[in-house]
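Just so you know, residue 1 is the first one in the sequence shown, and it goes up from there.
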Amino acid sequence: MTMILPPLALYIHVPWCVRKCPYCDFNSHAQREPLPEAEYIRTLLNDLEDESIFAQGREINSIFIGGGTPSLFSADSYKALLQSIDHIIPIARNAEITLEANPGTFEQEKFLGYKDAGINRLSIGIQTFNDAQLQGLGRIHSASEAIKAASLARELFPKLNLDLMHGLPQQSQNDALDDIQQAIALEPDHLSWYQLTIEPNTEFHAKPPQLPVDETLWSIQEQGVSLIHDAGFNQYEISAYAKGDNRSQHNENYWEFGDYLGIGAGAHGKITLLDEQKIIRRWKQKQPKSYMQPTTRLVGHETIQAEDLAFEFMLNALRLYDGVPTSLLTDRTGLSKNDIKIAVNKAIKQGLLSPSPERLKPTQQGRLFLNDLLAIFLD
Ligand code: SF4
């Protein structure tokens, strides 16, 4: 069985924020001096030049500019960046191009400029509309700024995602549901609604805040999902909800085990090498200063071992509520149905995987106990 070249996406990381939020474990660095914006954009393009051999004739189907806080950079920088990217690797005409924006760095002119630069999907990190809770999360924006930013983005961009968190310190069930209602009223076509978790190497880990008790978390989850569904959104992944066909193309590509180049400090890439019939990962230096030095930019690369391929594929594919066509396993990994037959049968027997031969799809039980389901493919 042979793998075929999957669609290609591009992830671009901008690693600075105005300040570091106490719950954040992303590769983000508090801005202490003027940002080296022009130098960083040049470095991104050099990075892409080096990666361009991995395109293997493909166009870029989606671009995601994440962070950090990408909206710290100007629209002119992104315009120049996207134009140059298109010269290095052509960007597909209908590519989804997302930029993450923080309402605290929001300015009306910037949003207009982003649109003009070619950004067609804005993802705004709102988290909550409760000012006290925003402060507790260390966010620099207010609820009214978030509302203004989202309203303008809705007018300007064909696609709009709002990021919301729940399970926040001091948050009641009503607070969490109120956040969802306010988000829905702003008419996004996509919601990312995820629970706050305390991650190692964060301020919250060192000084944990008091989180809602399990009973409250459970009822927020249950009622929140049904509120979002009632507003016409479909949950298609653990934290992702879309109206109509407005799923995030970029994230779906990850979950369908597509390829992606990663440029920027700390960015990761996953690439299929067609001639060698293997899949590699490459990752970049996390510290912005070292990333900007050509000799220290790439810090690691590895080949995904044949025995890990089934697990790696499932780790992504089973996050999707609809699962994936069974044939995708061969296209993406070169494995055949027979290679995973024992694990599939075991998962079906345990009620974790749906018995359809056409799709690899978790059951409701499988979604609830995803780690148990994945562990079967690890064996
Ligand atoms: S704004 Fe986002 S990326 Fe930056 S520190 Fe806060 S959570 Fe992390």
Side-chain angles (χ1 to χ4, degrees), residues 11-33 35-36 40 43-44 47 64-73 100-105 123 125-128 132-141 163-171 192-214 217 237-240 251 254 260 262-270 281-293 296-302 308 311-312 315-316 319 370-371 374-375 378:
Y11 176 74
I12 302 172
H13 193 77
V14 177
W16 292 282
C17 292
V18 173
R19 69 174 191 224
K20 184 83 180 173
C21 302
Y23 61 92
C24 174
D25 72 337
F26 299 143
N27 183 35
S28 62
H29 304 261
Q31 176 188 357
R32 296 191 206 289
E33 45 197 35
L35 292 180
Y40 194 77
T43 309
L44 288 172
D47 193 356
F64 194 100
I65 307 171
T69 306
S71 50
L72 287 173
F73 278 10
E100 276 186 338
N102 192 330
T105 58
S123 175
I126 287 182
Q127 316 315 349
T128 169
Q133 278 159 10
L134 280 170
Q135 249 186 359
L137 289 174
R139 304 293 303 208
I140 57 165
H141 67 269
D163 272 354
L164 275 188
M165 289 166 82
H166 62 279
L168 308 179
Q170 323 295 337
Q171 190 179 47
S192 300
W193 186 63
Y194 52 97
Q195 188 179 330
L196 171 68
T197 51
I198 306 294
E199 302 297 335
N201 300 318
T202 61
E203 208 180 307
F204 272 2
H205 196 259
K207 271 192 255 150
Q210 201 175 4
L211 299 179
V213 295
D214 283 352
L217 290 174
E237 191 263 348
I238 302 159
S239 323
N251 286 342
Y254 291 145
Y260 49 95
I263 59 172
H268 284 236
K270 175 241 163 202
R281 293 195 186 283
R282 289 162 62 83
W283 57 98
K284 311 290 164 58
Q285 170 63 243
K286 282 183 162 183
Q287 288 299 328
K289 276 198 175 130
S290 308
Y291 169 74
M292 286 190 278
Q293 302 300 320
T296 49
R297 191 182 303 139
L298 180 71
V299 286
H301 58 94
E302 66 181 11
D308 297 331
F311 175 72
E312 294 257 351
L315 186 67
N316 288 283
R319 290 179 64 139
L370 189 57
N371 286 344
L374 290 171
L378 198 58

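For Asp47 (side chain) and Gly264 (main-chain N/O), a donor-acceptor pair under 3.5 Å exists by modelled atom type. Checking side-chain atoms of Tyr291 against main-chain N and O of Gly266 turns up no donor-acceptor pair under 3.5 Å. Judged by distance alone, with hydrogens and angles left aside, the side-chain atoms of Thr296 form a donor-acceptor pair with the main-chain N or O of Ser290 at under 3.5 Å. A donor-acceptor pair under 3.5 Å is absent between the side-chain atoms of Lys284 and the main chain of Ile263, judged by distance alone. For the pair His141 (side chain) and Ile126 (backbone), a donor-acceptor distance under 3.5 Å is present. Between the Ser71 side chain and the Asn102 main chain, a donor and an acceptor come within less than 3.5 Å of each other.
Shown here is Phe26, whose CZ atom has no more than 12 heavy atoms of other residues, nucleotides or ligands within 6.0 Å. Applying the 6.0 Å contact sphere to CD of Gln210 captures no more than 12 heavy atoms from other residues, nucleotides or ligands. Counting non-hydrogen atoms of neighbouring residues, nucleotides and ligands closer than 6.0 angstrom, the CD atom of Glu199 exceeds 12 such neighbours. Summarising the local packing, NZ of Lys286 is surrounded by 12 or fewer heavy atoms from other residues, nucleotides or ligands at distances under 6.0 Å.
With rounding to the nearest 0.5 angstrom, the NE2 atom of His166 is 7.0 Å from the CG atom of Leu217. Rounded to the nearest 0.5 angstrom, Trp16 CH2 and Thr69 OG1 are separated by 11.5 Å. Considering CG of Asn251 and CG of Asn316, their distance stands at 10.5 Å, rounded to 0.5 Å. Considering CG of Leu374 and CZ of Arg319, their distance stands at 10.0 Å, rounded to 0.5 Å. To the nearest 0.5 Å, atoms CZ (Arg297) and CG (Leu44) are separated by 9.0 Å. Separating the CD atom in Glu312 from the CZ atom in Arg281 is a distance of 4.5 Å, to the nearest 0.5 Å.
Between Glu203 and Arg19 there is no salt bridge, since none of the side-chain N atoms of the basic residue sits less than 4.0 Å from a carboxylate O of the acidic one.
Between His268 and Tyr11 the shortest side-chain heavy-atom distance does not fall below 4.5 Å. Contact check for Leu196 versus Phe204: side-chain heavy atoms found under the 4.5 Å cut-off. Put simply, the side chain of Gln133 does not reach to within 4.5 Å of the side chain of Arg139, judged on heavy atoms. Side-chain contact between Ser192 and Leu164 is absent, with no heavy-atom pair separated by less than 4.5 Å. Proximity of Ile140 to Cys17: side-chain heavy atoms (C-beta onward) are nowhere separated by under 4.5 Å. Side-chain contact between Leu35 and Glu33 is absent, with no heavy-atom pair separated by less than 4.5 Å.
Shortest non-hydrogen contact noted between Leu137 and Thr128 is CD1-CG2, 4.2 Å. Taking all atoms of both residues into account, the shortest heavy-atom contact from Asn27 to His13 is O-NE2, 2.8 Å. Closest non-hydrogen pair, Gly125 versus Pro103, comes out as O-CD, 3.3 Å. The two residues Gly66 and Glu100 have their closest heavy-atom pair at CA-OE1, 3.3 Å. Heavy-atom minimum distance, Pro15 versus Pro288: CG-CG, 3.8 Å. Here the closest non-hydrogen pair linking Pro209 and Pro169 is CB-CG, 3.8 Å.
No side-chain N or O of Gln195 forms a donor-acceptor pair with one of Thr197 less than 3.5 Å apart.
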Legend entry - Verdict with reasoning, Tyr23 to Thr202, per side chain to side chain contact (heavy atoms under 4.5 Å, CB included): CA-CA 6 Å; Tyr23 61 92; Thr202 61; 5.7 Å; no

Inset, instruction - Using the side chain to side chain contact (heavy atoms under 4.5 Å, CB included) rule, take Gln127 and Asp163 through it: C-alpha gap first, then chi angles, then the decisive distance, then the call. - result: CA-CA 6 Å; Gln127 316 315 349; Asp163 272 354; 4.0 Å; yes

Inset, instruction - Check the pair Ile238 / Tyr194 against side chain to side chain contact (heavy atoms under 4.5 Å, CB included), numbers first and verdict last. - result: CA-CA 8 Å; Ile238 302 159; Tyr194 52 97; over 6 Å; no

Inset, instruction - Would you check, one step at a time, whether the test side chain to side chain contact (heavy atoms under 4.5 Å, CB included) holds for His205 with Asp25? - result: CA-CA 10 Å; His205 196 259; Asp25 72 337; over 6 Å; no

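By the 30° and 60° cut-offs, the orientation of the rings of Tyr254 relative to Tyr260 is perpendicular.
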